[in-house]
Amino acid sequence: MTGELAPSPVLGLDSSKVQIEQTSNPRTRPPSESLIFGQSFSDHMLVVPWSSQTGWDTPKIQPYAPLTLDPSSVIFHYAPSLFEGMKAYKDKDGKCRLFRPDMNMRRMNTSADRLALPTFDGGELTQLIRKLVSIDSTWVPNEPGHSMYIRPTLIGTQAALGVNQTSDALLFVITSPVGPYYKTGFKPVSLSADPSQVRAWPGGVGQYKLGANYAPGIKPQMQAATKGYHQNLWLFGDEAWLTEVGTMNLFVVVKGQDGVTELVTPPLNGMILPGVTRDSILSLARGHASGSAPIAGLPKQLRVVEREMNMAEVMAHSDRGSLLEMFGAGTAAVVSPVERVGYKGRDIMIPTGEGGAGNVAKAMLGEIDAIQRGERASHPWSVLVD
Ligand SMILES: *Cc1c(COP(=O)(O)O)cnc(C)c1O
């Protein structure tokens with residue numbers, strides 16, 4: 001990162017000061033089988049106001065309720081807004097676990113700094129999230145594949161129409177019980193790769209999880225849908241470099257000239273969101289490739305590379321029969337296999353393997369899910385809530 005850091009707050013975020021107001025009318029969690037992603041929310045939320053004068057205010061865990069904001073608040077006009085997406089999982093002993101929360105905290109601070117919003121001690125926010133999850137632990141479903149989605153959000157709230165660094169901000173965290181992404185096996189997706197649609201560009205903000213990055217993607221997604229595709233494969237530039245898929249990172253598996261299976265993802269070149277799932281897949285695949293932590297289901301010989309790949313290379317692999325897999329990667333689904341890419345009037349078909357996913361996608365989902373649910377004894381990525 002370059003440029004100046006946002007000024008450090010006067011008072012730091014302090015989880016030990018948290019005030020807790022329990023709800024007086026607890027709701028019942030919807031039945032696990034009826035959960036729709038992001039539609040129902042748990043009983044409590046975390047709220048921490050910030051002002052440039054006093055820094056981070058007393059954190060409060062309080063009943064889930066609407067916010068009240070002045071219509072002139074900068075959030076409504078200039079979109080100083082950023083968020084995170086993480087999950088709490090129940091292990092077989094019924095204990096709640098987070099997955100690599102330090103990564104989300106680091107990324108959230110990177111986003112805050114980019115928007116000149118206040119930064120904070122990520123360890124303190126993790127403590128507050130642990131408290132929030134433990135208070136609403138009955139909202140974490142324990143059926144296989146279920147979890148509780150956690151949405152930390154930071155917005156600028158100064159009540160004034162000026163494009164300046166905001167004098168006020170609000171950090172809040174809401175949580176939502178979610179069902180399995182795949183109820184009955186994998187559902188491979190089709191992608192529209194339209195070079196005229198651009199999600200991110202060099203020097204832009206694609207690498208930050210800003211609210212402002214998402215609304216502009218909705219219309220292209222709808223246009224893809226009218227052409228019969230589920231999602232967009234975001235390309236960049238005249239060479240049609242692959243960047244991301246929908247709101248997920250992209251992985252491609254090909255057979256190299258030397259016959260070795262290669263797992264490829266675009267490098268963090270400023271246009272790519274540094275996904276926790278992306279990093280986890282790279283790390284696990286490298287552990288496998290080096291022989292230090294073999295994973296069942298992966299080819300014995302595996303080359304793991306962060307490098308640029310363009311549509312010409314994808315088509316060449318397709319023609320040669322060496323295009324083995326393509327999948328998206330993100331917290332919601334872990335992996336999302338791709339079966340078809342529409343590009344310049346041609347449909348490129350991608351093998352999806354038995355059950356709708358290829359070997360690499362399947363092995364990665366299996367391993368990450370096992371770590372998230374605490375099935376890999378004392379794995380450092382799995383953090384007990386209490
Ligand atoms: C959140 C997100 C991802 C995935 O990040 P994870 O930390 O793995 O959930 C990838 N791309 C975009 C654009 C995202 O917003």
Side-chain angles (χ1 to χ4, degrees), residues 37-38 79 81-89 98-112 114-115 122 125-126 129 147-154 173 175-176 178 181 189 191 193 197-202 204-218 220-221 224 230-236 241-252 263-285 306 326-338 361 364-365 367-369 371-372 381-383:
F37 184 86
S81 168
L82 60 95
F83 64 96
E84 274 303 320
M86 51 203 284
K87 281 177 167 181
Y89 309 85
L98 302 176
F99 181 70
R100 308 188 76 184
D102 53 315
M103 297 275 292
N104 296 96
M105 297 299 104
R106 215 167 14 226
R107 188 169 68 191
M108 195 172 176
N109 269 314
T110 308
S111 301
R114 179 62 185 83
L115 289 186
L125 183 54
T126 301
I129 288 172
S147 56
M148 187 165 76
Y149 189 76
I150 304 170
R151 171 50 59 85
T153 311
L154 177 60
V173 182
T175 63
S176 168
V178 293
Y181 203 84
V189 296
L191 306 178
Q197 305 285 355
V198 183
R199 188 195 89 90
W201 46 91
V205 290
Q207 63 189 316
Y208 307 104
K209 222 167 170 71
L210 311 185
N213 280 338
Y214 298 85
I218 295 169
Q221 199 273 327
H230 293 102
Q231 271 299 346
N232 299 91
L233 175 56
W234 299 107
L235 304 175
F236 178 77
W241 298 106
L242 279 60
T243 64
E244 296 203 60
V245 36
T247 58
M248 285 181 283
N249 291 120
L250 176 73
F251 283 86
V252 184
L263 176 63
V264 183
T265 194
L268 299 178
N269 56 15
M271 296 183 277
I272 309 290
L273 199 287
V276 177
T277 317
R278 175 187 181 279
D279 185 84
S280 304
I281 289 173
L282 285 173
S283 168
L284 291 170
E306 293 171 75
M326 187 182 286
F327 57 93
T331 295
V334 183
V335 297
S336 176
V338 177
M364 287 302 163
L365 172 62
E367 190 60 23
I368 290 175
D369 185 71
I371 297 169
Q372 288 169 337
W381 289 353
S382 184
V383 176

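One-based numbering, in listed order, for ligands and for the atoms of each. Positions are given from 1 along the sequence.
Ring planes of Tyr149 and Phe37: perpendicular class, angle over 60° (limits at 30 and 60°).
Looking at Val335 and Ile281, their side chains come closer than 4.5 Å, going by heavy atoms from C-beta outward. Looking only at side-chain heavy atoms (C-beta outward), Met326 and Val252 come within less than 4.5 Å of each other. Taking 4.5 Å as the limit, some side-chain heavy atom of Leu210 sits within range of a side-chain heavy atom of Ser111.
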Show the distances, to 0.1 Å, for all pairs joining an N/O atom of ligand 1 and a protein N/O atom that are shorter than 3.5 Å, listing one pair per line.
from: ligand 1; atom 1: 7 (O); to: Arg107; atom 2: NH1; distance (Å): 2.9
from: ligand 1; atom 1: 7 (O); to: Arg107; atom 2: NH2; distance (Å): 3.1
from: ligand 1; atom 1: 7 (O); to: Val276; atom 2: N; distance (Å): 2.8
from: ligand 1; atom 1: 8 (O); to: Val276; atom 2: N; distance (Å): 3.2
from: ligand 1; atom 1: 8 (O); to: Thr277; atom 2: N; distance (Å): 2.9
from: ligand 1; atom 1: 8 (O); to: Thr277; atom 2: OG1; distance (Å): 2.7
from: ligand 1; atom 1: 9 (O); to: Thr331; atom 2: N; distance (Å): 2.9
from: ligand 1; atom 1: 9 (O); to: Thr331; atom 2: OG1; distance (Å): 2.6
from: ligand 1; atom 1: 11 (N); to: Glu244; atom 2: OE1; distance (Å): 2.5
from: ligand 1; atom 1: 11 (N); to: Thr247; atom 2: O; distance (Å): 3.4
from: ligand 1; atom 1: 15 (O); to: Lys209; atom 2: NZ; distance (Å): 2.7
from: ligand 1; atom 1: 15 (O); to: Tyr214; atom 2: OH; distance (Å): 2.4

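A distance-only check finds a donor-acceptor pair linking the side chain of Asn269 to the backbone of Met271 [under 3.5 Å].
Sorted by first and then second residue, the pairs that involve residues 270-283 and meet salt bridge (charged side-chain N to carboxylate O under 4.0 Å, His left out), not counting sequence neighbours, are Arg100-Asp279, Arg278-Glu306.
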